[in-house]
Amino acid sequence: MTDKEDYADLGATTQEAMEIAETSMDIVRTFVPDKTLNDRLRQKAVHSTGDIEFQHLIRCQNNPVVAGARAVLDEQPIVTDITMAKAGITGRGHDCPVKKAIGNGAELAAETGMTRTAASVLELDKQGVYDGAIAVVGNAPTGALALADCIEDGTRPAAIVATPVGFVKAEESRKRVRDIAEEYDIPAVTNVGKRGGSGLAAALTNELIHVASDVRDGDVDLSDHE
């Protein structure tokens, strides 16, 4: 973004909302660096959580903003783990189909006893849905672990946004995603610690959409950030 005064929140539809979004981001930038595209993810994390320290919990691997923005421009699917994360993703600024995993794989879950989310991820993976997609996990650690297994078996999403929250398997699942992302050169953004959630995952995904919109407007050249 070349002009910080022109920040456009894709969720804002009125002049007052736009002014609030611009003022909020101006405040965030006084605390968070604004030098790289990955800084935009850190800014968005702070903006969405209201926690200045959250910038230090974000982990970016293999240029997730460039990869994610390119996937948006190519109108690749955005696939979330649950309905809440899907609901938080803006419908403006892109033509990507937005899908949710939950609701698929019920038979597999009943047969194996695995969580519905894990079974849903595995079921969609059988259909090839995750290849080339932006894979978003905002709530379910077992969904992130299942996605990591799929990648180990050959699936290649364009980018991963994984911020599952909680006290059981959440940190483990995000570390597993980071390990898989490193091993297979998958662009990924995750966070450390016990915090996270669907709202954060949606916000980070929305920032990928923001960057793609800036590319279309000529404000960002992705080749400058590779």
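Values below: all heavy atoms of this structure, side chains included; hydrogens, waters and symmetry mates excluded.
With hydrogens and angles left out, the side-chain atoms of S223 and D221 include a donor and acceptor closer than 3.5 Å.
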For this session: Show the numbers, then the answer: is there a side chain to side chain contact (heavy atoms under 4.5 Å, CB included) between K44 and V189?
Result: CA-CA 12 Å; K44 197 65 175 183; V189 54; over 6 Å; no
For this session: I would like to know whether K99 and K86 meet side chain to side chain contact (heavy atoms under 4.5 Å, CB included); could you show each step before the answer?
Result: CA-CA 7 Å; K99 308 172 182 288; K86 179 177 182 289; 5.7 Å; no
For this session: Would you sort out whether R40 and V211 count as a side chain to side chain contact (heavy atoms under 4.5 Å, CB included), showing the intermediate values?
Result: CA-CA 9 Å; R40 290 181 58 160; V211 173; 3.6 Å; yes
Exercise. Step by step, would you call V177 with L147 a side chain to side chain contact (heavy atoms under 4.5 Å, CB included)?
Worked result: CA-CA 8 Å; V177 169; L147 178 64; 5.6 Å; no
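A single hydrophobic cluster is not seen to contain both I160 and I58; linkage of ILVMFWY side chains at heavy-atom distances under 4.5 Å, directly or through other members, places them apart. One hydrophobic cluster holds both V65 and L204 under the rule that ILVMFWY side chains link at heavy-atom gaps under 4.5 Å. Note on L124: it clusters hydrophobically with V121, by side-chain heavy-atom contacts below 4.5 Å among ILVMFWY residues. I82 and L108 fall into different hydrophobic clusters, where Ile, Leu, Val, Met, Phe, Trp and Tyr side chains are chained together by heavy-atom contacts under 4.5 Å.
From N206, atom CG reaches atom CZ of R92 across 11.0 Å, with rounding to the nearest 0.5 Å. Taking CG of D125 as the reference point, atom OG of S120 lies at 12.5 Å (rounded to 0.5 Å). To the nearest 0.5 Å, atom CG of residue L41 and atom CG of residue L208 are 6.0 Å apart. Rounded to the nearest 0.5 angstrom, H210 NE2 and L37 CG are separated by 13.5 Å.
Of the possible donor and acceptor atoms, none in the side chain of T23 sits under 3.5 Å from a partner among the backbone N and O of I20. R178 contributes no side-chain N or O that, together with a main-chain N or O of Q61, makes up a donor-acceptor pair within less than 3.5 Å. A donor-acceptor contact shorter than 3.5 Å is absent between the side chain of R174 and the backbone of A162. A distance-only check finds no donor-acceptor pair linking the side chain of T155 to the backbone of D131 [under 3.5 Å]. For R42 (side chain) and D34 (main-chain N/O), no donor-acceptor pair under 3.5 Å exists by modelled atom type. Side chain of D39 to backbone of T36: a donor-acceptor contact under 3.5 angstrom is found. Under a 3.5 Å cut-off, the side chain of Q43 and the backbone N or O of M25 do not form any donor-acceptor pair. Remark: the backbone N or O of A181 is paired with a side-chain donor or acceptor of N62 at under 3.5 angstrom. Not a single donor-acceptor pair under 3.5 Å links the side chain of R195 to the backbone N or O of V192. Counting only distance, with no hydrogens or angles, the side chain of D81 and the backbone of N139 share a donor-acceptor pair below 3.5 Å.
Taking 4.5 Å as the limit, every side-chain heavy atom of Q76 sits out of range of all side-chain heavy atoms of I134. Residues N38 and P64 are in side-chain contact: their nearest non-hydrogen atoms beyond the backbone lie under 4.5 Å apart. By the 4.5 Å heavy-atom criterion applied to side chains, I89 and I209 are counted as neighbours. Put simply, the side chain of P187 does not reach to within 4.5 Å of the side chain of V66, judged on heavy atoms. For the pair L122 and C150, the minimum side-chain heavy-atom distance is below 4.5 Å. Looking at heavy atoms from C-beta onward, H47 lies out of side-chain contact with V32 at the 4.5 angstrom threshold. Within the 4.5 Å cutoff, the side chain of I151 has no heavy atoms near those of the Y130 side chain. Counting only heavy atoms from C-beta outward, the side chains of T115 and K169 never approach each other to under 4.5 Å.
G197 approaches V165 most closely through the heavy-atom pair N-CB, 3.6 Å. Residues R116 and A109 approach most closely at CA-CB, 4.1 Å, considering heavy atoms. Nearest approach of A201 to G138, heavy atoms of both residues: CB-CA, 3.6 Å. The two residues A67 and A158 make their nearest non-hydrogen contact at CB-O, 3.6 Å. Nearest heavy atoms, S173 versus P141: CB-O, 3.4 Å. Closest of all the heavy-atom pairs between G93 and S213 is O-OG, 3.5 Å.
Crowding of M114 atom CE: a count of heavy atoms from other residues, nucleotides or ligands under 6.0 Å exceeding 12.
Qualifying side chain to side chain contact (heavy atoms under 4.5 Å, CB included) partners for E152, counting only residues two or more places apart in sequence or in other chains: D149, R176, I180, Y184.
Salt bridge annotation for R70-E226: present, with a cationic side-chain nitrogen under 4.0 angstrom from a carboxylate oxygen.
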